[in-house]
Amino acid sequence: PLPSFFDGNHVAMGLVQLLLAGIVMVINQKFFISGFKSLWHRAPNMDTLVALGSMASFVWSVYALFAMTRAQVDGDSAAVMNYMMEFYFESAAMILTLITVGKMLEARSKGKTTDALKGLMKLASKTAVVERNGQEVTVPIEQVKKGDIFLVRPGENVPVDGVILEGTSALNEAALTGESIPVDKKPGDVVSAATLNQSGFIRCEATRVGEDTTLSQTIQMVSDAAATKAPIAKIADKVSGVFVPAVIAIAVVTIVVWLLVGQTVGYALARGISVLVISCPCALGLATPVAIMVGNGVGAKHGILFKTAVSLEEAGKVQIVALDKTGTITIGNRKATKFYPVNGVSPKDFLRLCVLSSAADETPEGKSIVELGAAEGVRTDPVAMVG
């Protein structure tokens, strides 16, 4: 039940509705600014439908409130009740609320793409160990310059793109290439930022730093892809250019027809507003850009990067996929499962030698040999193996 203050106080109820709806409209003023600006420039968009529907509901309700006040002053209780039924303040507020919820969901989907970009950015090292005046110095990644000599120890990420001067190692380049099997590197080979040095110590010369690194260019590519428009989105823009004026015209015709058949202005206006509101959150205007953003975000999270939104749309037409990388569709780590000693060598002695030589090997292959030895009862303790 309503508070006793509202008993028979229809004007008070109307004023409370006016106040609450007004707050919602002020909070969502961006729809009115965007919608009426585009209408003024003869390029109505989805915001125009929202603005027209909400504003028409609000303005008519304000008129009904003033008319009801006049009727109450005149003592016409029947007119007061009639005008009470002409309030559409809640419609004006709910139109904006529903569209705002839709925009919030769209922002969340865009946030997924941003999360994918943040994931790529986390791969970048924050510091680098460089040689300065014959000494090793740890400096912020921003201070590394082209031509600097930097050092990468086992277990560290390569800070910038460069070329190996000394040392050999195996680098995990899965973050950039998708290939999970480490790639052997030797002097003269190129190394990329964000790749993981798994085994040896390497000394390198920086060739590309800052925004020129492969990782930075990949991040920029994903960001640009999120900003580009797919062909279907361009079609949506063209359709919206015709769709919105058509909806406005249909709403006007609806109001006029109901007035001509003898209905009241409030009744006719409610039907016209219904046409505007039902057409607002159209799939072309909202779902298409959301689908593109989500596609880019989910792809990036799974290691699939789209150069443009066109590529994303074309991917939906693919029927056959040819893969040439072992690690792409398998576990990606080579694993020792059996051993075959040459004639005259004891299988147990052979396995002991293999385990002993691989005990300090941090590569997946080395670890798998140690695991195979453990399964066969061969310990990694050197004393035990020598005995």
Side-chain angles (χ1 to χ4, degrees), residues 123 125 128-129 131 136 149-207 214-215 218 302-305 320-387:
L123 297 174
S125 300
V129 178
E131 291 184 355
E136 295 182 14
I149 306 300
F150 64 90
L151 313 174
V152 187
R153 292 178 172 80
E156 295 179 347
N157 281 340
V158 177
V160 296
D161 292 2
V163 60
I164 298 177
L165 300 178
E166 297 177 19
T168 59
S169 183
L171 268 65
N172 186 336
E173 299 182 333
L176 296 179
T177 65
E179 183 58 77
S180 54
I181 296 177
V183 180
D184 293 329
K185 297 286 184 177
K186 60 185 185 301
D189 287 346
V190 173
V191 295
S192 300
T195 56
L196 177 64
N197 181 17
Q198 288 198 331
S199 54
F201 173 86
I202 53 176
R203 182 170 174 266
C204 313
E205 179 184 349
T207 55
T214 305
L215 178 66
T218 302
H302 288 81
I304 303 168
L305 306 179
I320 299 174
V321 179
L323 303 170
D324 65 345
K325 293 188 198 172
T326 305
T328 305
I329 54 174
T330 62
I331 294 173
N333 291 332
R334 289 176 287 195
K335 187 174 183 180
T337 56
K338 266 190 174 183
F339 59 95
Y340 301 92
V342 295
N343 293 332
V345 179
S346 165
K348 200 77 170 179
D349 292 339
F350 173 74
L351 186 56
R352 280 177 177 166
L353 290 172
C354 290
V355 171
L356 181 60
S357 63
S358 303
D361 190 353
E362 293 297 322
T363 64
E365 295 82 1
K367 290 179 180 178
S368 71
I369 292 173
V370 174
E371 289 172 2
L372 179 61
E376 296 290 335
V378 177
R379 295 168 55 191
T380 57
D381 183 357
V383 176
M385 286 189 282
V386 170

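The basis for the numbers below is simple: all heavy atoms, side chains too, and nothing from hydrogens, waters or symmetry mates. On a predicted model such as this, the values are computed, not experimentally measured, just so you know.
For Ser346, the side chain to side chain contact (heavy atoms under 4.5 Å, CB included) partners two or more places apart in sequence, or in a different chain, are Lys348, Asp349. Considering only residues two or more places apart in sequence or on other chains, Arg203 meets the side-chain hydrogen bond (donor to acceptor under 3.5 Å, both in side chains) condition with Glu131, Glu166. Legend: residues meeting side chain to side chain contact (heavy atoms under 4.5 Å, CB included) with Pro347, ordered by chain and number and at least two apart, are Phe339, Pro341. Taking the side chain to side chain contact (heavy atoms under 4.5 Å, CB included) definition, one finds that Val342 meets it with Val345, sequence neighbours left out.
Smallest separation of non-hydrogen atoms from Asn157 and Ser125: CB-OG, 3.4 Å. The two atoms that bring Glu205 and Ile149 nearest to each other are CB-CD1, 3.9 Å, heavy atoms only. Across every non-hydrogen atom of Val158 and Phe150, the tightest pair is CG1-CE1, 4.0 Å. Scanning both residues, Ala206 and Val160, for their nearest heavy atoms gives CB-CG2, 3.8 Å.
Side-chain N or O atoms of Asn172 include none that pairs as donor or acceptor with a backbone N or O of Gln198 at under 3.5 Å. Without hydrogens or angle criteria, Ser368 side chain to Ala336 main chain gives a donor-acceptor distance under 3.5 Å.
For residues 190-199, the set of pairs meeting the salt bridge (Lys or Arg N to Asp or Glu O under 4.0 Å) definition, not counting sequence neighbours, is empty.
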Hey, can you pull the donor-acceptor pairs under 3.5 Å for the side chains in residues 183-194, sequence neighbours left out?
from	atom 1	to	atom 2	distance (Å)
Lys185	NZ	Glu173	OE2	3.2
Lys185	NZ	Val190	O	2.9
Asp189	OD2	Lys186	N	2.9

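For the atom pair CD1 (Ile202) and CZ (Arg153), the distance works out to 11.5 Å, reported to the nearest 0.5 Å. Within the model, atoms CD1 of Ile369 and OG1 of Thr337 stand 11.0 Å from one another, a figure rounded to the nearest 0.5 Å.
Between Glu376 and Val355 the shortest side-chain heavy-atom distance does not fall below 4.5 Å.
Put simply, the residue from Val152, Leu151, Thr168 that forms a side-chain contact (heavy atoms from CB on, under 4.5 Å) with Phe201 is Leu151.
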